[in-house]
Amino acid sequence: MIHELKIINFRSFKDEVTFSFEASKDSGLEDNYVISMKDGTRLLRFATIFGANASGKSNLLEAFEFLRHFWKHKPKDADEPTSVEPFFLDSESVHKPSKFQLKFYVGETRYTYKLIIDSSAVHEEQLNVYTSSQPSTLFSRKLDENEKSVVKFNSSLRLSELTEQEIALRCLKNMSLFAVINTVNSSFGSLEEARNELRNRIMPTIGPSTHMLSFAERKMVDDQELKDYLLGFLKKADFNIYNVNIEKTKEEIPEQFRKMILSNSDVPEDAKKSLQAQNFIETLNTQFEHKVHNARGTELYKLSEEQQSRGTQRILGIEAAIRESVKNQSFLAIDEIEASLNPLLLDFVIQSYLSEKSSSQLLVTSHYDAFLNRVDKYIRKDSVWFTEKKEDGSTRMYSLKNVRGVNKMRNLQKRYEEGVLVNAYPHILE
């Protein structure tokens, strides 16, 4: 589970900001909302971020997405850019590296990951584990004067000299050590456990324009349990969809298209090998059965996915992703979760998620400030965050629980609109 993420000099985060899933001592809404660790740390399963446009909400999600990609990506060579973006609205910060520090748990074991990186190279990367009150460094790496990565491992990992030499050769300056050890045939113990947790339990971020129906289709076609769950969800949410029929079809790959892909240097070699091994593309054909009641009685009509509303398509995909996170105990981020969704449906989605027993975590951004009137009903104060754009263009981020006098406030939505919650609401200049 994610504990907290500190960010410095990444996109709109110029100065250090900290986002945390750590729960306060408040005992309200404990069931299924708070997961308690053996070391006493209490972690939330849900958090939401409010703020004006361009205040930095999405950039927090981008930080998680950057790390998720970085941990898996294998560069073509040492000259490939890392894709990290510093704070560009400052003549000094634009030339400084970005810094990340992530606290997380694998089961009951606490880890801390540190990364200092610029557009061309990793300056520092480190992983600590807490098997006692004091941390042990599992690995650390630094960039030397020759722009080579120098890696040191904890002796408890018991790596052979040959393995360490192989890693040193493969560890490009613009590459995560997690991606390196994935290419080495050796066991890395607790280092490997941490790597697997971060690589496999942080799901891709869902954006407001992400085509989610295709995700749901791919999952449902081979998972009857998920399909039954989603159909039940749609029924509870008052959709008149009775069934979803998904058929796999195979289409031959045009030779011209095949040659174009195989000659493209940007296409990964694994993808090219997969393309060479087959002569067809597998596609899915989906039809929705709608049950209606009219003067003739009850009738069923089949409609294509293109004939479904954007909201229907999005909710089906979002709920499939949330179900996946619950099942696999994963972290999922959704940007502007309210896009194309009815407010009552959005309430139903969040309440349904919080009713599940799981160590999964859901982080969402939203402009739907009516959510604030759900605080203390099914949303905790410590799970609500705000972003604010400062005069220098950078982002400040803070939790509702730290707003002075919040426990005495009524109608938080109105207080938000009035700018009482530390200027988190957008100001329209006349």
Side-chain angles (χ1 to χ4, degrees), residues 1-23 43-71 83-89 93 98-104 112-117 198 201-210 321 325 330-339 350 360-369 371-372 379-390 392-403 416 421-426:
M1 294 185 72
I2 304 296
H3 181 176
E4 71 172 30
L5 177 64
K6 292 182 183 292
I7 309 168
I8 300 177
N9 195 32
F10 176 76
R11 303 191 71 145
S12 64
F13 300 115
K14 175 187 175 185
D15 304 312
E16 181 180 297
V17 297
T18 301
F19 167 78
S20 178
F21 273 111
E22 185 165 352
L43 299 179
L44 299 169
R45 291 187 55 231
F46 173 76
T48 182
I49 308 169
F50 297 95
N53 291 112
S55 64
K57 301 186 302 299
S58 300
N59 286 335
L60 176 65
L61 275 56
E62 286 293 337
F64 282 106
E65 186 66 15
F66 167 76
L67 290 171
R68 188 188 72 86
H69 176 265
F70 176 68
W71 292 325
S83 77
V84 74
E85 295 182 19
F87 181 69
F88 284 120
L89 301 180
S93 64
S98 301
K99 299 179 182 180
F100 305 88
Q101 182 173 290
L102 180 68
K103 292 182 180 179
F104 64 100
T112 301
Y113 173 82
K114 174 184 177 182
L115 176 67
I116 301 178
I117 184 172
L198 295 177
R201 297 193 191 276
I202 296 183
M203 297 175 65
T205 297
I206 298 174
S209 59
T210 304
S325 75
S330 301
F331 167 82
L332 174 64
I334 304 177
D335 197 11
E336 296 186 19
I337 188 173
E338 75 280 4
I350 302 304
S360 60
Q361 291 174 299
L362 180 62
L363 173 62
V364 306
T365 72
S366 180
H367 290 290
Y368 178 55
D369 53 18
F371 253 155
L372 293 169
I379 294 179
R380 289 172 54 108
K381 289 187 180 73
D382 50 7
S383 71
V384 177
W385 289 74
F386 300 104
T387 54
E388 177 187 8
K389 183 168 64 175
K390 300 192 292 185
D392 65 357
S394 66
T395 295
R396 186 168 79 92
M397 186 164 60
Y398 49 91
S399 173
L400 176 62
K401 70 178 181 181
N402 294 327
V403 175
Y416 178 67
L421 301 179
V422 201
N423 297 322
Y425 204 73

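One is the number of the first residue; the rest follow in order along the sequence.
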Steps toward side chain to side chain donor-acceptor pair (under 3.5 Å) verdict (Lys103, Thr112): CA-CA 5 Å; Lys103 292 182 180 179; Thr112 301; 5.9 Å; no
If you take all heavy atoms of Ser93 and Phe87, which pair is closest and at what distance? OG-O, 2.8 Å
Closest heavy-atom pair, Phe386 versus Leu372, reported as atoms and distance to 0.1 Å, is CZ-CD2, 4.2 Å
Less than 4.5 Å apart, side chain to side chain, heavy atoms only: is that true for Ile337 and Thr48? no
Output for pair (Arg68 CZ, Leu61 CG), nearest 0.5 Å, gives 12.0 Å
Specify the closest pair of heavy atoms between Leu363 and Phe64, including all atoms of both residues, with the distance to one decimal. CD2-CE1, 4.0 Å
Using ring-ring contact (aromatic ring centres under 6.0 Å, His included) as the criterion, list what pairs up with His367, not counting sequence neighbours. none
Step by step, would you call Tyr368 with Phe371 a ring-ring contact (aromatic ring centres under 6.0 Å, His included)? CA-CA 6 Å; Tyr368 178 55; Phe371 253 155; 5.4 Å; yes
Is the backbone N or O of Ile49 less than 3.5 Å from a side-chain atom of Lys57, with the two atoms forming a donor-acceptor pair by type? no
Check each of Lys6, Lys390, Arg396 against Asp15 using the salt bridge (charged side-chain N to carboxylate O under 4.0 Å, His left out) test, and report the only one that passes. Lys390
Taking only residues two or more places apart in sequence, or in another chain, which ones meet Phe21 in a ring-ring contact (aromatic ring centres under 6.0 Å, His included)? Phe19
Taking atom CD1 of Ile8 and atom CZ of Phe100, what is their separation to the nearest 0.5 Å? 10.0 Å
Shortest non-hydrogen separation from Met203 to Ala321 and the atoms involved: CE-O, 3.6 Å
Where the side chain of Glu22 meets the backbone of His3, is there a donor-acceptor pair that is under 3.5 Å apart? no
Does a side chain donor of either Glu338 or Ser366 reach within less than 3.5 Å of an acceptor in the other side chain? yes
Might you point out which heavy atoms bring Leu102 and Phe104 nearest each other, and give the distance in Å? O-CD2, 3.9 Å
What are the two closest heavy atoms between Glu336 and Thr365, and how far apart are they? N-OG1, 2.7 Å
Checking side chain to side chain contact (heavy atoms under 4.5 Å, CB included) for the pair Ile350/Leu362: CA distance, chi angles, key distance, verdict? CA-CA 9 Å; Ile350 302 304; Leu362 180 62; 4.3 Å; yes
Please say whether more than 12 non-hydrogen atoms of neighbouring residues, nucleotides or ligands are located less than 6.0 Å from NZ in Lys381. yes
